[in-house]
Amino acid sequence: MSDGGGRFITIEGIEGAGKSSNLEYARGLLEGMGKQVLVTREPGGTPLGEEIRGLLLGHRHTGMAQEAELLLMFAARAEHLARKIRPALDAGTWVLCDRFTDASYAYQGGGRGIEWQRINTLEKWLQGEFRPDLTLLLDLPVALGLERAGTRSAPDRFERETEQFFTQVRNGYLKLAKREPERIRIIDAARPLPEVQEQIRAAIQSSVA
Ligand code: Z5A
């Protein structure tokens, strides 16, 4: 939430959950309601953040320490918040972000095994009380997500992880949703695309629009 009238909506999910497909739908929906919308992503969203993204997703640093991975995610996020997200919200723009801090809890916490308390320390330092107004969690069985994602070529450093890793990530997301059911809406992403979009429309309209 910001003072300027913009709203911050994030979209999350495991590999192949359909975030990209549904972000554009959400953008169209909001623009149809007359909102000015900025679509962005994490890690990334700024020139520095996109460079950090290259380090994180590429294969030059395959065995990177998990703490380094977490801190790079937050370094990119610090820049993103300062240069893009907060200024847009303050100007009244609605921000739609492909992943945000919940992904750090799910991937670096659930997937890698870093204690959530440590992630929470970084979140508090960087964000204070700032949280998304709404998070759409696209949830689906890991095997289905990997099957859908498998149609793409050249897997990045995360996409090479095991089914076990993505199961831990999924469980992390579901735990977050259980803790914050008002903010994090679970979308059944295993359904056909029009049904997924209908769930997204309902969540946005009942929550923030
Ligand atoms: N990461 C992290 O570890 N910690 C953090 O704090 C942050 C991120 C912020 C980059 O994310 C990596 O960073 C990510 C976590 C980590 N790694 N992983 N995994 P990313 O978001 O850029 O990467 P991604 O997860 O691979 O997202 P993606 O490439 O955008 O995939 P997607 O959006 O989930 O899926 P999609 O491309 O929209 O859909 C996949 C396919 O399924 C495609 O062919 C669609 O047409 C199809 N699809 C989609 N929906 C449906 C339905 N409903 N039915 C049938 N087929 C469908």
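Each ligand, and each atom within it, is numbered from 1 in the order the structure gives.
- Side-chain polar atoms of Q164 and Q168 form a donor-acceptor pair below 3.5 angstrom.
- At least one heavy atom of F166 sits less than 4.0 Å from an atom of ligand 1.
- Distance alone, capped at 3.5 Å, places no donor-acceptor pair between the D133 side chain and the I9 backbone.
- Ligand-side atoms of ligand 1 in range of E42: 9 (C), range being under 4.0 angstrom from any heavy atom.
- Under a 3.5 Å cut-off, the side chain of D156 and the backbone N or O of E159 do form a donor-acceptor pair.
- Heavy atoms of R53 approach ligand 1 to within less than 4.0 angstrom.
- When non-hydrogen atoms are compared, ligand 1 lies under 4.0 Å from the backbone of K19 as well as from its side chain.
- At least one heavy atom of P43 sits closer than 4.0 Å to an atom of ligand 1.
- With contacts defined as side-chain heavy-atom distances shorter than 4.5 Å, the pair L72/M64 qualifies.
- At least one N or O atom of R77 sits closer than 3.5 Å to an N or O atom of ligand 1.
- For the residue pair Y105/R179, the side-chain donor-acceptor check at 3.5 Å is not satisfied.
- Across the listed options E195, Q108, E69, Q108 owns the non-hydrogen atom lying nearest to atom 4 (N) of ligand 1.
- Ligand 1 places these atoms under 4.0 Å from at least one heavy atom of S20: 28 (P), 30 (O), 33 (O), 37 (O), 38 (O).
- Under the side-chain hydrogen bond (donor to acceptor under 3.5 Å, both in side chains) test applied with T101, the options Q127, E12, E42 reduce to a single match, Q127.
- Judged by the 6.0 Å distance and 45° axis criteria, R170 is not positioned over the aromatic ring of Y173.
- With atom 6 (O) of ligand 1 as the reference point, the heavy atom nearest to it among G150, G13, G109, S104 is part of S104.
- Closest heavy-atom approach to atom 18 (N) of ligand 1 among the candidates F74, F165, F158: F158.
- In the model, R160 has no side-chain atom that pairs as donor or acceptor with a side-chain atom of T62 under 3.5 Å.
- Classification of R41 and E50 as a salt-bridged pair holds, one side-chain N sitting under 4.0 Å from a carboxylate O.
- Residue-to-ligand polar distances place A17 within reach of ligand 1: an N/O pair is separated by less than 3.5 Å.
- The D98 neighbourhood of ligand 1 comprises atoms 21 (O), with distances under 4.0 Å to a heavy atom of that residue.
- Near P192, the atoms of ligand 1 lying under 4.0 angstrom from a non-hydrogen atom of the residue are 53 (N).
- Residue-to-ligand polar distances keep N22 apart from ligand 1: every N/O pair is separated by 3.5 Å or more.
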